[in-house]
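These numbers come from a predicted model, not from an experiment. Computation of the quantities below employed the complete heavy-atom set of this structure, encompassing side-chain atoms and omitting hydrogens, waters and symmetry-equivalent molecules.
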Amino acid sequence: NMSGISPAIWFAQAKLLGFDIELELSAICNALKALDYSTGYIAINASQPTIMCDDFLAVFEGRDLSRVVIELTEHDEVHDYPGLKAVLAPMRGHGVNVCTRVGRVRLAIDDMGAGFASMAHVLNLAPDMMKLDIGITRDIDTNEAKQALVAAYVGFAKRLDIHLTAEGIETSSEYHMLEHLGVYSGQGYYFGRPAPLSIP
């Protein structure tokens, strides 16, 4: 019985047993069901091995891709950027074999500033969005080094026309400092705590 155990533990255990891709695909399928009961978009986390597996594209069949953001996670280092781009390009509306599904999926780089690969992801994949890691957001209202780093990210994102958002905003002071620095969207307990989706 693993109820009450964090998702991070679930995924770590699945990886040890060789079921990480299956668990990730199952989580994605379940998350995509929310599109049937809401009008907003849904962000799903996916690692490179899952994106490049044979069953990945099938889970999006019949879905409005314009309401989906794929957040590339850093569970695994990306060893094959050309292969990853080849899978994502049709879903993103690029290339000659543009996906015939509705809309175009957006790509986000998750946990910017936390992992060694974040900037490599940005430079190789030209994402639509970058999400600042909670480690940068936390105490940004009082930490000048973090403020300088975010200001640099803001300029970088603006130059490349990438939407920048912040994860883990928990206080009014953090929110207002981020807004002052030019980060106008975010997520975190300041806005609301996670809750089950209301299904009619």
Side-chain angles (χ1 to χ4, degrees), residues 2-81 83-95 97-112 114-115 117-118 121-122 124-131 133-134 163 165 167-168 187-188 192-200:
M2 295 185 71
S3 60
I5 297 175
S6 79
I9 300 296
W10 275 84
F11 282 97
Q13 292 293 321
K15 185 167 186 170
L16 286 173
L17 298 170
F19 293 110
D20 46 333
I21 290 176
E22 288 85 348
L23 181 58
E24 214 170 300
L25 284 174
S26 177
I28 291 169
C29 287
N30 284 333
L32 288 173
K33 292 175 185 174
L35 293 173
D36 298 331
Y37 303 102
S38 66
T39 56
Y41 76 88
I42 186 162
I44 60 165
N45 294 103
S47 63
Q48 179 210 348
T50 298
I51 292 172
M52 294 182 69
C53 80
D54 292 340
D55 298 324
F56 182 72
L57 292 178
V59 303
F60 296 93
E61 202 61 55
R63 295 293 185 186
D64 179 355
L65 295 185
S66 68
R67 296 175 57 206
V68 176
V69 175
I70 295 175
E71 296 185 9
L72 182 62
T73 63
E74 293 204 340
H75 299 160
D76 297 278
E77 185 179 355
V78 172
H79 297 287
D80 182 7
Y81 280 110
L84 187 60
K85 286 172 71 172
V87 173
L88 291 172
M91 297 179 75
R92 298 180 70 197
H94 302 162
N97 297 314
V98 173
C99 185
T100 56
R101 298 174 184 84
V102 180
R104 139 185 125 73
V105 78
R106 287 169 288 170
L107 178 66
I109 304 303
D110 204 11
D111 303 326
M112 283 299 300
S118 295
H121 291 351
V122 173
N124 281 283
L125 299 172
D128 304 285
M129 304 169 68
M130 296 189 312
K131 298 184 73 176
D133 183 70
I134 189 173
H163 179 81
T165 190
E167 299 178 317
Q187 64 187 62
R193 292 185 175 267
L197 178 69
S198 296
I199 299 176

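To the nearest 0.5 angstrom, I21 atom CD1 is 9.5 Å from K15 atom NZ. In this structure, L25 CG and N30 CG are separated by 11.0 Å, a value rounded to the nearest 0.5 Å. In this structure, Q187 CD and I134 CD1 are separated by 9.0 Å, a value rounded to the nearest 0.5 Å. For the atom pair SG (C29) and CD1 (I44), the distance works out to 9.0 Å, reported to the nearest 0.5 Å. With values rounded to the nearest 0.5 angstrom, I109 atom CD1 is found 5.0 Å from L72 atom CG. Expressed to the nearest 0.5 Å, how far CZ of F11 lies from CG of N45 amounts to 8.0 Å.
Minimum interatomic distance between R92 and P127 (heavy atoms only, all atoms of both residues): NH2-CA, 3.6 Å. Counting all heavy atoms, side chain and backbone alike, A34 lies closest to S38 at O-OG, 3.0 Å. The minimum heavy-atom distance linking F60 with V68 is given by the pair CE2-CG1, 4.0 Å.
With R67 contributing its side chain and I42 its backbone, the two residues share no donor-acceptor pair below 3.5 Å. Not one N or O on the side chain of D111 forms a donor-acceptor pair closer than 3.5 Å with the backbone of D133. Remark: the backbone N or O of A46 is not paired with any side-chain donor or acceptor of T50 at under 3.5 angstrom.
Tested against H163, the residues R106, M129, M130 include a single side-chain contact (heavy atoms from CB on, under 4.5 Å) partner, M129.
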Dump the intermediate steps for side chain to side chain contact (heavy atoms under 4.5 Å, CB included) on L84 and N124, then the final yes or no. CA-CA 10 Å; L84 187 60; N124 281 283; over 6 Å; no
Carefully, step by step, assess V122 and M112 under the rule side chain to side chain contact (heavy atoms under 4.5 Å, CB included). CA-CA 9 Å; V122 173; M112 283 299 300; 3.8 Å; yes
Determine, step by step, whether K131 and T165 satisfy the side chain to side chain contact (heavy atoms under 4.5 Å, CB included) criterion, reporting the C-alpha distance in whole Å, the side-chain angles of both residues, the deciding distance to 0.1 Å, and the verdict. CA-CA 5 Å; K131 298 184 73 176; T165 190; 3.4 Å; yes
Going through the distances and angles, do D80 and Q48 end up as a side chain to side chain contact (heavy atoms under 4.5 Å, CB included)? CA-CA 9 Å; D80 182 7; Q48 179 210 348; 3.7 Å; yes
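D110 has its side chain within reach of E167: a pair of non-hydrogen atoms, C-beta onward, lies under 4.5 Å apart.
Residues passing the side-chain contact (heavy atoms from CB on, under 4.5 Å) test with K85, sequence neighbours excluded: L125.
By the 6.0 Å contact criterion, CG on D36 is enclosed, its count of non-hydrogen atoms from other residues, nucleotides or ligands being greater than 12.
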